[in-house]
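Written below as structure tokens is the structure these notes are about.
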Amino acid sequence: MGVLVDSQKEGFGSSWGGLKNLVRRKQVDCAHTKRLDNPQLAKELTIPHLVAVGVGSTIGAGVYILVGAVAREHSGPALSMCFLIAGIAAALSAFCYAELASRCPSAGSAYHYSYICVGEGVAWLVGWALILEYTIGGSAVARGISPNLALLFGGENSLPTFLARQHFPGLDVMVDPCAAVLVLIVTGFLCLGIKESALAQGIVTAVNVFAMLFVIIAGGYLGFKTGWTGYEVPTEYFPFGVDGMLAGSATVFFSYIGFDTVASTAEEVKNPKRDLPLGIALSLSICCCLYMLVSIVIVGLVPYYAMDPDTPISSAFASNGMQWAAYIITVGAVTALISTLMGSILPQPRILMAMARDGLLPSFFLDVNKHTQVPVNSTLATGIVASILAFFMDVSQLAGMVSVGTLIAFTMVAVSVLILRYVPPDEVPLPSSLQESIDSYMLRHNSDAQMINGENPAKSPGDPCLPLLGEKKVAVDCTVVEKLEALSSCTLDEENRRKIASWTIMLICVGAFILTFSASNLWFSSLIRFTLCGAGGLLLLSGLVILTCIDQDDERHNFGHAGGFICPFVPLLPISCILINVYLLINLEVATWVRVSVWLMIGVLIYTFYGRRHSSLLNAIYVPKAHVDEIYRSSGAML
């Protein structure tokens with residue numbers, strides 16, 4: 001076991017050039033890494049704030065429309081089962097997020113976790129994909145608000161002229177001033193402060209929840225009054241079979257996207273180890289319960305085959321003589337969209353700020369207002385870009401791109417949990433300003449090791465990479481010798497365990513891709529398809545067995561802010577999460593992947609010509625984690 005040092009500077013181990021830059025990892029935030037020139041965000045959020053943010057970001061207007069389409073085409077009366085299965089699948093990712101958020105409570109969410117556990121290259125792609133998700137998602141949500149607002153005021157053309165949509169035939173563009181104004185208003189709220197914006201989102205979310213509770217209570221009353229005619233159908237409970245129900249579950253899974261917004265506010269939570277896991281769990285549980293209750297009621301009021309695919313809830317109440325309920329439902333849809341808009345814009349400035357902290361983006365995005373303690377430049381930039389897109393572009397065709405960023409993030413968070421448990425980073429990057437302290441520390445320990453082994457330090461060259469434990473044994477205290485021999489043996493076994501675990505995690509990811517890709521592509525011949533499915537399934541199953549049999553790394557207990565939430569059923573739960581998310585990624589439309597590929601290629605170019613060259617880890621010196629505290633103490637003594 002030695003003090004191995006690595007740096008990009010010549011003379012300190014091997015050079016971290018070329019592709020090796022992609023796998024360099026940063027340190028979990030701790031007392032040593034808090035930089036005075038990086039202003040911190042305000043710690044204002046508690047569990048109620050997190051629940052308001054999580055529920056508000058998750059429950060969008062889609063539930064007011066989605067129930068009709070899924071029931072008619074996939075599930076039939078088993079609509080509530082679709083939401084239950086999708087909720088369980090989302091909970092797998094939520095468990096992974098909860099552990100990482102409590103251990104690494106800093107801005108950046110999945111980007112931050114990937115940078116710590118996987119590497120800079122993957123972290124950049126995750127962050128770049130999330131930027132696309134939140135920008136397109138916010139713009140798409142904003143353009144959906146104006147039609148619903150118009151319905152509240154009497155019809156399609158009831159909005160004032162300066163807010164109404166206008167079509168320019170020559171340019172074939174439909175501008176939406178109302179959407180752009182709403183994005184700017186939400187951006188203004190977010191600039192006031194995290195506590196104020198969370199309170200505003202909580203108020204809007206409360207209105208939406210009350211509208212859903214009205215649907216549940218009033219719909220339940222009508223159901224008992226009419227005898228739940230929707231369930232008295234000649235078909236079975238699963239008219240489209242189990243396959244149809246699973247297809248419906250995959251469709252409604254995206255209605256649970258939004259709880260990850262809670263993780264993006266980790267740096268602003270007063271007690272992250274306790275509040276973040278509870279905030280994520282409560283948000284997801286409330287959403288799942290509301291979705292299931294609404295679906296049970298609506299399917300019971302109207303037979304699934306008679307549902308209106310565009311306005312299923314309003315039509316269900318109208319068919320039972322409650323036309324006026326449409327106004328309450330429309331209010332719920334409008335508030336749901338506004339709350340989702342706030343949830344879409346809130347995380348992106350924090351991701352931009354986190355990437356700027358790491359040097360991957362310009363320092364412009366790093367500025368934090370001294371009074372509100374909000375990343376004001378990042379927030380304004382996000383709001384301006386989203387408002388321009390909402391004003392000019394019909395982003396409905398790009399809405400599928402939103403799913404890519406989310407699913408990539410979910411997948412990498414699950415991979416990060418496996419890495420954290422089995423192969424957590426054992427080397428820590430230190431700034432090059434500590435070079436003198438590191439050299440002094442290594443020379444002192446090398447000298448101590450040589451004296452223990454009976455060697456003369458003066459005869460040995462001052463090699464900075466000499467091991468702490470020598471090979472020569474002398475007649476010193478037998479207890480010391482035995483401990484050193486045992487430590488050397490354990491270190492060798494530990495290295496083998498880490499290698500096996502690393503390769504296994506990689507093969508699990510490859511197996512998940514092969515299995516889902518071959519299972520989803522019916523144009524393969526039966527022989528090729530079943531062969532690939534078998535190979536992928538074998539890799540997955542073998543990986544699960546190997547990780548179950550080998551020990552998890554002892555350092556997992558000391559990784560990050562220990563003492564928080566621990567994800568259960570590892571490795572089964574993260575592997576299941578990876579499989580589900582990769583399956584959903586594979587089944588996205590080809591046109592979506594083409595658009596996303598263009599965006600990712602732009603990101604690769606920006607990283608190559610800017611991020612890689614300005615990374616805060618550019619001249620970092622990597623040392624074993626066990627020696628970090630002593631080096632920092634040594635640097636303090638030398639000042």
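- Counting non-hydrogen atoms of other residues, nucleotides and ligands closer than 6.0 Å to NE2 of His167 gives a total above 12.
- A donor-acceptor pair is defined here as one N or O able to donate and one able to accept, closer than 3.5 Å; such a pair exists between the side chain of Thr265 and the backbone of Val262.
- With respect to Arg421 and Glu99, a salt bridge is recorded, a charged nitrogen being found less than 4.0 Å from a carboxylate O.
- Counting heavy atoms from C-beta on, the side chains of His614 and Leu361 never come closer than 4.5 Å.
- Judged purely by distance below 3.5 Å, without hydrogens or angles, the side chains of Tyr64 and Asn208 pair a donor atom with an acceptor atom.
- The distance from atom CD1 of Ile338 to atom OG1 of Thr335, rounded to the nearest 0.5 Å, is 7.0 Å.
- Atom NE2 of His561 sits about 8.0 Å away from atom NZ of Lys273, to the nearest 0.5 Å.
- The backbone N or O of Arg556 sits less than 3.5 Å from a side-chain atom of Arg103, completing a donor-acceptor pair.
- Here the CG atom belonging to Leu199 is positioned 11.5 Å from the CG atom belonging to Leu45, to the nearest 0.5 angstrom.
- In this structure, Arg143 and Leu389 have side chains that are not in contact, with every pair of non-hydrogen atoms separated by 4.5 Å or more.
- Between Cys288 and Tyr256 there is a side-chain heavy-atom pair separated by less than 4.5 Å.
- Taking a 6.0 Å sphere around CZ of Phe95, one finds it holds 12 or fewer heavy atoms contributed by other residues, nucleotides or ligands.
- Each of Gln40, Arg350, Gln373, His49 was scored for a side chain to side chain donor-acceptor pair (under 3.5 Å) with Glu268, with one residue passing: Arg350.
- The structure places OG of Ser315 at 10.5 Å from CD of Gln323, a figure rounded to the nearest 0.5 Å.
- Although no hydrogens or angles enter the test, the distance criterion places a donor-acceptor pair under 3.5 Å between the side chain of Trp124 and the main chain of Gly603.
- Atom NZ of Lys195 sits in a sparse spot, with 12 or fewer heavy atoms from other residues, nucleotides or ligands closer than 6.0 Å.
- Using a 4.5 Å heavy-atom cutoff, the side chains of Leu418 and Ile578 are in contact.
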**Message:** What verdict does the side-chain contact (heavy atoms from CB on, under 4.5 Å) test give for Val53 and Leu50, after you've listed the backbone C-alpha separation in whole Å, the side-chain angles of each residue and the deciding distance to 0.1 Å?
**Reply:** CA-CA 5 Å; Val53 170; Leu50 296 177; 5.7 Å; no

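- Environment of OH in Tyr610: crowded, with over 12 heavy atoms of neighbouring residues, nucleotides or ligands closer than 6.0 Å.
- For Ser264 (side chain) and Thr261 (main-chain N/O), a donor-acceptor pair under 3.5 Å exists by modelled atom type.
- Between the His74 side chain and the Val70 main chain, no donor and acceptor come within less than 3.5 Å of each other.
- Contact detail for Leu301 and Gly223: the closest heavy-atom pair is CD2-N, 3.6 Å.
- Minimum heavy-atom separation, Ala179 to Ala142: CB-O, 3.4 Å.
- Looking at Leu41, Asp367, Leu352 one by one, the single match for side-chain contact (heavy atoms from CB on, under 4.5 Å) with Pro375 turns out to be Leu41.
- Considering CD1 of Ile329 and OG of Ser314, their distance stands at 4.0 Å, rounded to 0.5 Å.
- The shortest non-hydrogen separation linking Ser102 to Leu276 is N-CD1, 4.4 Å.
- The backbone N or O of Thr406 lies less than 3.5 Å from a partner atom in the side chain of Glu133, making a donor-acceptor pair.
- Residues Ser339 and Thr205 bring a donor and an acceptor atom of their side chains to less than 3.5 Å of each other.
- Of the possible donor and acceptor atoms, one in the side chain of Thr58 sits under 3.5 Å from a partner among the backbone N and O of Phe259.
- Within the 4.5 Å cutoff, side-chain heavy atoms of Phe559 are placed close to those of Ile116.
- Side-chain N or O atoms of His112 include none that pairs as donor or acceptor with a backbone N or O of Ser109 at under 3.5 Å.
- The side-chain heavy atoms of Leu125 and Ile408, taken from C-beta on, include no pair separated by under 4.5 Å.
- A side-chain N or O of Ser146 and one of Asp176 form a donor-acceptor pair less than 3.5 Å apart.
- Residue Thr46 comes nearest to Asp275 through the heavy atom pair CA-OD2, 4.0 Å, listed as atom of the first residue, atom of the second, then distance.
- The minimum heavy-atom distance between Phe317 and Ala218, with the atom names listed, is CE2-CB, 3.9 Å.
- Ion pairing between a basic and an acidic side chain is recognised when a charged N comes within 4.0 Å of a carboxylate O; Arg357 and Glu267 show such pairing.
- A donor-acceptor pair under 3.5 Å is absent between the side-chain atoms of Ser615 and the main chain of Gly611, judged by distance alone.
- Put simply, CD1 on Ile345 and OG1 on Thr135 are 9.0 Å apart, with the number rounded to the nearest 0.5 Å.
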**From CA spacing to verdict: side-chain contact (heavy atoms from CB on, under 4.5 Å), Ser57, Thr340** = CA-CA 5 Å; Ser57 303; Thr340 305; over 6 Å; no

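- Residues Ile194 and Ala42 approach most closely at CG2-O, 4.2 Å, considering heavy atoms.
- Looking at Thr187 and Ile384, their side chains never come closer than 4.5 Å, going by heavy atoms from C-beta outward.
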**Request:** Start with the C-alpha gap between Tyr111 and Met355, add the side-chain angles, then the distance that decides, and say whether side-chain contact (heavy atoms from CB on, under 4.5 Å) holds.
**Result:** CA-CA 8 Å; Tyr111 157 79; Met355 297 176 77; 3.6 Å; yes

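- Using a 3.5 Å distance cut-off with no hydrogens or angles, the side chains of Gln348 and Ser378 do not pair a donor with an acceptor.
- Between Lys26 and Asp358 there is a salt bridge, since at least one side-chain N of the basic residue sits less than 4.0 Å from a carboxylate O of the acidic one.
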**Message:** Between Asn369 and Thr372, does the side-chain contact (heavy atoms from CB on, under 4.5 Å) criterion hold? Intermediate values first, please.
**Reply:** CA-CA 6 Å; Asn369 186 276; Thr372 61; 3.3 Å; yes

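- The aromatic rings of Trp128 and Trp599 lie parallel to each other, with less than 30° between the two planes, well short of the 60° mark.
- When Phe254, Tyr291, Phe253 are each tested for a ring pair (Phe, Tyr, Trp, His ring centres under 6.0 Å) with Phe83, only one passes: Tyr291.
- Here the options are Glu120, Gln27, Arg25, the test is side chain to side chain donor-acceptor pair (under 3.5 Å), and the partner is Tyr115; only Glu120 passes.
- Residues Met322 and Leu222 are in side-chain contact: their nearest non-hydrogen atoms beyond the backbone lie under 4.5 Å apart.
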